[in-house]
Chemist: 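Take a look at the following structure, please.
For this chain, numbers begin at 1 and follow the sequence in order. Computation of the quantities below employed the complete heavy-atom set of this structure, encompassing side-chain atoms and omitting hydrogens, waters and symmetry-equivalent molecules.
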Amino acid sequence: MSKQVIAVDIDDVLSDSATGFIEFSNKRWGTKLHVDDYIEDWATMWKVSHKESQKRAQDMYGPEVVANFKNDESALQVLLTLKKNYSLVITTSRSRYVQKDTSDWLARHYKGVFDAIHHAGFYDTYTPESTKQTKAELLKSVGADFIIDDHPKHCFAAAEAGIEAILFGDYKWSRDIKKLPPRVTRAQNWQEVLEYFNAKSR
């Protein structure tokens with residue numbers, strides 16, 4: 001019998017990406033942002049034009065930024081425990097522009113943990129539309145039974161597609177959501193993730 005598949009997001013689940021992003025922004029452009037200021041719409045966050053935001057994005061995708069994001073040290077032991085009973089894969093919204101930096105970072109911090117790395121591609125402006133997928137479409141295509149993700153929209157879409165979702169972390173972008181839809185469970189940290197799956201096996 002094949003193992004069930006747990007899809008794991010990278011940014012702000014395995015890596016402290018928002019903090020690394022904000023620290024680089026403050027140093028590179030003199031912004032005075034805090035982690036709670038982070039949003040996916042970078043132009044709005046920076047209060048700059050879309051063109052300027054795209055220009056800055058090239059710096060953000062540089063290897064000195066993505067490659068140096070800190071990892072969540074509490075994740076590794078939990079993932080190794082889960083790997084005994086589940087197949088673990090990465091599903092990320094990251095651009096394929098940082099595909100090598102991403103795989104190198106994962107090999108450095110989580111070597112041998114994940115069976116595959118999948119990029120949705122919807123931030124890849126140079127990629128043909130036919131290869132772009134929403135996170136939910138990506139999850140379905142890789143046969144995921146569960147997703148661990150920090151972003152409500154991905155968890156909610158996954159749940160609507162019949163996939164059990166764990167809304168991870170204590171972040172501004174999910175903190176104020178009081179009522180979660182069916183198939184979505186909140187886990188503030190990796191210990192709570194482990195407790196969730198331990199309860200599944202009882």
Chemist: Going by heavy atoms in the side chains, are Lys153 and Glu40 under 4.5 Å from each other?
Modeler: yes

Chemist: When rounded to the nearest 0.5 angstrom, what is the spacing between CG in Leu76 and OG1 in Thr81?
Modeler: 9.0 Å

Chemist: Flag the pair Asn85 / Lys3 as yes when at least one side-chain heavy-atom distance between them is below 4.5 Å, and no otherwise.
Modeler: no

Chemist: Okay, side chain of Asn26, backbone of Leu33: is any donor-acceptor separation there less than 3.5 Å?
Modeler: yes

Chemist: Could you check whether any side-chain N or O of Ser103 sits under 3.5 Å from a backbone N or O of Gln99, counting only pairs where one atom can act as donor and the other as acceptor?
Modeler: yes

Chemist: Does any non-hydrogen side-chain atom of Ile147 lie less than 4.5 Å from one of Asp9?
Modeler: no

Chemist: So does Pro152 get a backbone contact from the side chain of Trp173, meaning a donor-acceptor N/O pair under 3.5 Å?
Modeler: no

Chemist: Roughly how far, to the nearest 0.5 Å, is the OG1 atom of Thr102 from the CD1 atom of Ile10?
Modeler: 5.0 Å

Chemist: Output yes when Arg56 and Glu52 qualify as a salt bridge under the 4.0 Å nitrogen-oxygen rule, no when they do not.
Modeler: yes

Chemist: Is any NZ, NE, NH1 or NH2 atom of the basic residue among Asp104 and Lys100 found under 4.0 Å from an Asp or Glu carboxylate oxygen of the other?
Modeler: yes

Chemist: Give the ring-plane orientation class for Tyr86 versus Phe197, where under 30° counts as parallel, over 60° as perpendicular and anything between as tilted.
Modeler: perpendicular

Chemist: Would you compute the distance between atom OG of Ser74 and atom CG of Leu14 and round it to the nearest 0.5 angstrom?
Modeler: 9.5 Å

Chemist: Looking at Asp11, Asp12, Asp101, which hits salt bridge (charged side-chain N to carboxylate O under 4.0 Å, His left out) with Arg94?
Modeler: Asp11

Chemist: Say whether Val48 and Ile22 are linked into one hydrophobic cluster, either directly or through other cluster members, by side-chain heavy-atom distances under 4.5 angstrom.
Modeler: yes

Chemist: Under a 4.0 Å N-O cut-off, is there an ion pair linking Lys32 with Asp37?
Modeler: no

Chemist: Are Ile166 and Val13 co-members of a hydrophobic cluster defined by side-chain heavy atoms under 4.5 Å apart?
Modeler: yes

Chemist: Between Met45 and Val66, is there shared hydrophobic-cluster membership here, with clusters defined by ILVMFWY side-chain heavy atoms closer than 4.5 Å?
Modeler: yes

Chemist: Hey, does Phe146 have a side-chain heavy atom less than 4.5 Å from the side chain of Leu82?
Modeler: no

Chemist: Taking the six-membered ring for Trp, are Phe114 and Tyr110 parallel (under 30°), tilted (30 to 60°) or perpendicular (over 60°)?
Modeler: perpendicular

Chemist: Find the distance between SG (Cys155) and CZ (Phe168) and round it off to the nearest 0.5 Å.
Modeler: 11.0 Å

Chemist: So do the side chains of Ser174 and Arg186 get within less than 4.5 Å of each other, counting heavy atoms only?
Modeler: yes

Chemist: For Phe21, is there any backbone N or O sitting under 3.5 Å from a side-chain donor or acceptor partner on Ser25?
Modeler: no

Chemist: If you measure only the distance, is there a donor-acceptor pair under 3.5 Å linking the side chains of Thr31 and Trp46?
Modeler: no

Chemist: Within the 4.5 Å heavy-atom criterion, are Ser93 and Lys135 side-chain neighbours or not?
Modeler: yes

Chemist: I'd like to know if Glu23 and Arg28 make a salt bridge, using a cut-off of under 4.0 Å between side-chain N and carboxylate O.
Modeler: no

Chemist: Please name all residues satisfying side chain to side chain contact (heavy atoms under 4.5 Å, CB included) with Ala107, sequence neighbours left out, ordered by chain then number.
Modeler: none

Chemist: Side chain of Lys83, backbone of Val113: donor and acceptor closer than 3.5 Å?
Modeler: yes

Chemist: Taking all atoms of both residues into account, what is the closest heavy-atom pair of Ala159 and Pro182, and its distance?
Modeler: CB-O, 3.5 Å

Chemist: About how many Å separate OG1 of Thr134 and CG of Leu139, when rounded to the nearest 0.5 Å?
Modeler: 8.0 Å

Chemist: Within the structure provided, determine whether Leu180 and Thr185 are in side-chain contact (heavy-atom separation under 4.5 Å).
Modeler: no

Chemist: Considering only NZ, NE, NH1 and NH2 on the basic side and carboxylate oxygens on the acidic side, decide whether Asp36 and Arg175 come within less than 4.0 Å.
Modeler: yes

Chemist: Calculate, to the nearest 0.5 Å, the distance between atoms CG and CZ belonging to Asp72 and Phe69 respectively.
Modeler: 14.5 Å

Chemist: Examine the side chains of Trp105 and Asn68 and answer whether a donor and an acceptor come within less than 3.5 Å of each other.
Modeler: no

Chemist: Is any side-chain heavy atom of Ile90 closer than 4.5 Å to a side-chain heavy atom of Leu106?
Modeler: yes

